[in-house]
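The next block holds one structure in the form of structure tokens; read it before the comments.
Hydrogens, waters and symmetry mates play no part in the numbers below; they use all other heavy atoms, side chains included. Everything numeric in this text was worked out from a predicted model, so none of it was measured. All chains are named by letter (A, B, ...) in the order of the sequence lines, taking the proteins before the strands, and each is independently numbered beginning at 1.
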Amino acid sequence: MNMRLRFAPSPTGYLHVGGARTAIFNWLFARKEGGVLVLRIEDTDRVRSSEEHTKVILDGLTWLGVDWDEGPFFQSEGVERHRADATRLLEEGKAYRDFTDTAAMRLEAKERGMHPSRVVREKMMDLGAESAKQRAEAGEPFAIRLLVPDGETVFDDLVHGEMRFGNDDIDDLVILRSDGTPTYNLAVVSDDADMRITHVLRGDDHLSNAPKQVLLYRALGYPEPVFAHVPLILGSDGRKLSKRHGAMAVGDYAEEGIVPEAMMNFLALLGWSPGDDRELMTREELLGAFGMERLLKSASVFDIDKLEWLNGRHLDAYSDEELAKCLRDLLQEDDSFCSGFLDDVNWLSELLGLIKPRARRLDQLAEQARPFVCQNLHFDMKAVEKHLNKDPGAAIKRLQSLYETFRGADWTREELEVSLRDLASQMEVGAGKLIHPLRIALTGNMASPGIFDVLYLLGRERSLSRIEDAVERINLR
RNA sequence: GCCCCGGUCGUCUAAUGGUUAGGACACCAGGUUUUCAACCUGGCAAUCGGAGUUCGAUUCUCCGUCGGGGUACCA
């Protein structure tokens, strides 16, 4: 039998990291086992659903590298089939019409200490199928509820093992609303059966829906899929992930310079492990190692630090050309950006060699690159204050001396270093006294790659003119 | 309230009826150094609690506790 899986997000406007991980597990499993992955958009909530929202989710999946074999299908397209399934259950006596008023039933149930749905059932059974049919034909609106049988519902979960639910605890759930629209549990079962889904891998939050759905499969006579409920992802305080924990959407992370390989690696390692000590894994390695048997049962906390660390490591694997492309994208909004520098492959490679260890994310990489590829510097005012403005006279003197010294120097790291250190001893100051103001003049920042590397990469002309500019800045204040 | 799931360093996790309970991120210290990183070395740090089974439980069982999910004519 061909394995068929599905990922079925609601189009809520973004791809949640929890949803993304569910998608990744489905994808890994499908690709690993040669199965088929179906994408279905659960858009039955018309208020929240929109085409733009759907697009955001598809883009998020594509960014991650999660591709699908069939779909996207839309749950709303199956409404007729959902309705037909509900009606069939009604005809077969496995469901019944509900004419009651919900609020009144709830109140009565509370007074009598019963499940509301059981109160409804009692009333509707008393009413009898014949009179129910007559009232329906007379045009009275009604919902359809599943008649939950006595006994116990037992099914197998790949993550949790055997699951048992007493049917007394399961409501006679509404499967078709009085406005004729299907409810979630019916729609899911009807769609999954229609799509011949064999493995339902989804978040733990659906675990208590599972017995209801199993009951529906059995009532409808559809073959049951295998379930696998994966644990949830929590925020840093162990609570459900929410806005106050920071970004929740994969799109936000993409914008913050996380690369998709790192995101997939990180998410795959939440709730699953390869069984050995591997942490840094490529897509292919994940695929090779993945298996449902190693899915964990317990929820895990989303640790941004670890994500960023992994991101840095994945960045190491990026080629110079790929990174140059990222830099172009990220820096294009800077008017003073001279992308031509990046065309010199040797220069590019030296630059990246210096800034890659200093950046974990693409946006940080771009900030590190900025002084080397943009004409306008962003000055860190704290740095300017400390090393230039605090003792302006000394700063000017030192920068001017450096200017004179460098002007006649061969532009090699070695010679630049020798001449700077010579100058420092002539002036009877530590080398740092020259280096710090110089660094700010050249980069605008307190932190940068080694100063001689900076000089070398910037080149004579730009270095000298930045020193001049810095002197000018001090004079102008 | 009721139903369900879960609990190993701060975090992600490994392991086992008998181990000095391993690794990684983070953190701390040292090295390196012109800054910031990177890098190297070292360190801190965990089996939720209580019973039971057992020669022996972190591992198996029960109870409690804590956390999570569900309990809709939401998905």
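For the pair A:V38 and A:L5, the minimum side-chain heavy-atom distance is 4.5 Å or more.
One atom, CD of A:E279, and another, P of B:C25, lie 8 Å apart when rounded to the nearest Å. Separating the CD1 atom of A:I355 from the P atom of B:A37 is a distance of 17 Å, rounded to the nearest angstrom. Going from atom CG of A:L420 over to atom P of B:U35 covers 13 Å, rounded to whole Å. The CG atom of A:N445 sits 15 Å away from the C1' atom of B:U34 (whole-angstrom rounding). As rounded to whole Å, 12 Å separates atom P of B:A75 from atom CG of A:L173. Atom-to-atom, NE2 of A:H160 to C1' of B:G7 comes out at 13 Å; the value is rounded to the nearest Å. Protein atom CD1 of A:I233 is 14 Å distant from nucleotide atom C1' of B:U11, rounded to whole Å. Distance, A:Y184 OH to B:A72 P: 16 Å, rounded to whole Å.
At a threshold of 4.0 angstrom between heavy atoms, the contacts of A:R106 are confined to the sugar-phosphate backbone, with no base atom among them. Within the 4.0 angstrom heavy-atom criterion, base atoms lie near A:S178. At a threshold of 4.0 angstrom between heavy atoms, the contacts of A:R294 are confined to the sugar-phosphate backbone, with no base atom among them. Contact annotation for A:S448: base contact, defined as any heavy-atom pair under 4.0 Å involving a base atom. Within 4.0 Å of A:G271, counting heavy atoms only, lie sugar-phosphate atoms of the nucleic acid but no base atom. Using a 4.0 Å heavy-atom criterion, one finds that A:A431 contacts no nucleic acid atom at all. Base contact: A:T102 has a heavy atom under 4.0 Å from a base atom. When heavy atoms are screened at a 4.0 angstrom cut-off, A:R278 is found touching no nucleic acid atom at all. Nucleic acid contact for A:G275: sugar-phosphate only, since backbone atoms but no base atoms lie under 4.0 Å from a heavy atom of the residue. Across all strands shown, A:F165 has heavy atoms under 4.0 Å from sugar-phosphate atoms exclusively, and none from any base. The residue A:T443 sits apart from the nucleic acid: no heavy atom pair falls under 4.0 Å. Base engagement by A:I451 is indicated by at least one non-hydrogen atom pair under 4.0 Å involving a base atom. Residue-level contact check: A:P449 touches the bases, meaning some heavy atom is under 4.0 Å from a base atom. Nucleic acid contact class of A:H206 (heavy atoms, under 4.0 Å, all strands): base.
For A:S300 and B:U13, the shortest distance from a side-chain N or O to OP1 or OP2 is below 4.0 Å.
Pairing partner, B:C2: B:G70, with both Watson-Crick or wobble hydrogen-bond distances short of 3.5 Å. Nucleotide B:U58 is matched to nothing when pairs are restricted to Watson-Crick or G-U wobble geometry with both distances under 3.5 angstrom. In a base pair of the Watson-Crick type (N1 to N3 plus N6-O4 or O6-N4) or a G-U wobble (N1-O2 and O6-N3), with each distance short of 3.5 Å, B:U34 is matched with no nucleotide. Checking B:C27 for Watson-Crick or G-U wobble geometry (two distances, each under 3.5 Å) identifies B:G43 as its partner. In this structure, B:U20 forms no base pair with any nucleotide, since neither Watson-Crick nor G-U wobble geometry is met with both distances under 3.5 Å.
Taking atom C1' in both B:A45 and B:A29, the straight-line distance is 15 Å, to the nearest Å. Between B:G43 and B:C48, the two P atoms lie 25 Å apart (nearest whole Å). Taking the C1' atom of each, B:G18 and B:C25 are spaced 31 Å apart, rounded to whole Å. A gap of 24 Å separates the P atoms of B:U16 and B:C5, to the nearest Å. For the P atoms, the distance from B:A72 to B:A15 is 39 Å, rounded to whole Å. With both ends at atom C1', the span from B:C28 to B:G69 equals 38 Å, rounded to whole Å. A gap of 9 Å separates the P atoms of B:U58 and B:G49, to the nearest Å. Taking atom C1' in both B:A14 and B:A51, the straight-line distance is 29 Å, to the nearest Å.
In this structure, A:E80 pairs ionically with A:R83, as a charged nitrogen and a carboxylate oxygen lie closer than 4.0 Å. Taking the charged nitrogens against the carboxylate oxygens, A:E42 and A:R40 do have a contact shorter than 4.0 Å, which makes a salt bridge. Between A:E367 and A:R370 a salt bridge is recorded (basic side-chain N to carboxylate O distance below 4.0 Å). Using a 4.0 Å cut-off between charged side-chain N and carboxylate O, A:R466 and A:D469 make no salt bridge. Using a 4.0 Å cut-off between charged side-chain N and carboxylate O, A:E285 and A:R278 make no salt bridge. For the pair A:R164 and A:E162, the salt-bridge criterion is met [side-chain N within less than 4.0 Å of a carboxylate O]. Salt bridge A:E108/A:K123: present, at least one basic N to carboxylate O contact under 4.0 Å.
By the neighbour-count criterion of 12 heavy atoms within 6.0 Å, atom NZ of A:K433 is sparsely surrounded, having that number or fewer from other residues, nucleotides or ligands. Residue A:E293 places its CD atom among more than 12 non-hydrogen atoms of other residues, nucleotides or ligands, all under 6.0 Å distant.
With hydrogens and angles ignored, no donor-acceptor pair under 3.5 angstrom links the side chain of A:D171 to the base of B:A72. Counting distance only, with no hydrogens placed and no angle test, the side-chain atoms of A:K306 and the base atoms of B:C12 include a donor-acceptor pair under 3.5 Å.
The A:R360 side chain lies nearest to B:C25 when the options are B:C12, B:A75, B:C25. Checked against B:U71, B:C2, B:U34, the side chain of A:D169 finds its nearest nucleotide in B:C2. Nearest to the side chain of A:R358, among B:U35, B:C4, B:A75, sits B:U35. Taking only side-chain atoms of A:H436, from C-beta outward, the nucleotide of B:C73, B:A26, B:U35 with the closest atom is B:U35. Nearest to the side-chain atoms of A:K212 among the listed nucleotides B:U34, B:U71, B:C25 stands B:U71. Closest contact between the side chain of A:W309 and the listed nucleotides B:A75, B:C25, B:C5 involves B:C25. When distances are taken from the side chain of A:M163 to each of B:C4, B:G23, B:G6, the shortest belongs to B:C4.
Map A:A359 and A:A143 each onto its nearest nucleotide of RNA chain B; the residue landing nearer the 5' end is A:A359. Mapping A:Q368 and A:R313 onto RNA chain B by nearest heavy atom places A:Q368 at the nucleotide closer to the 5' end.
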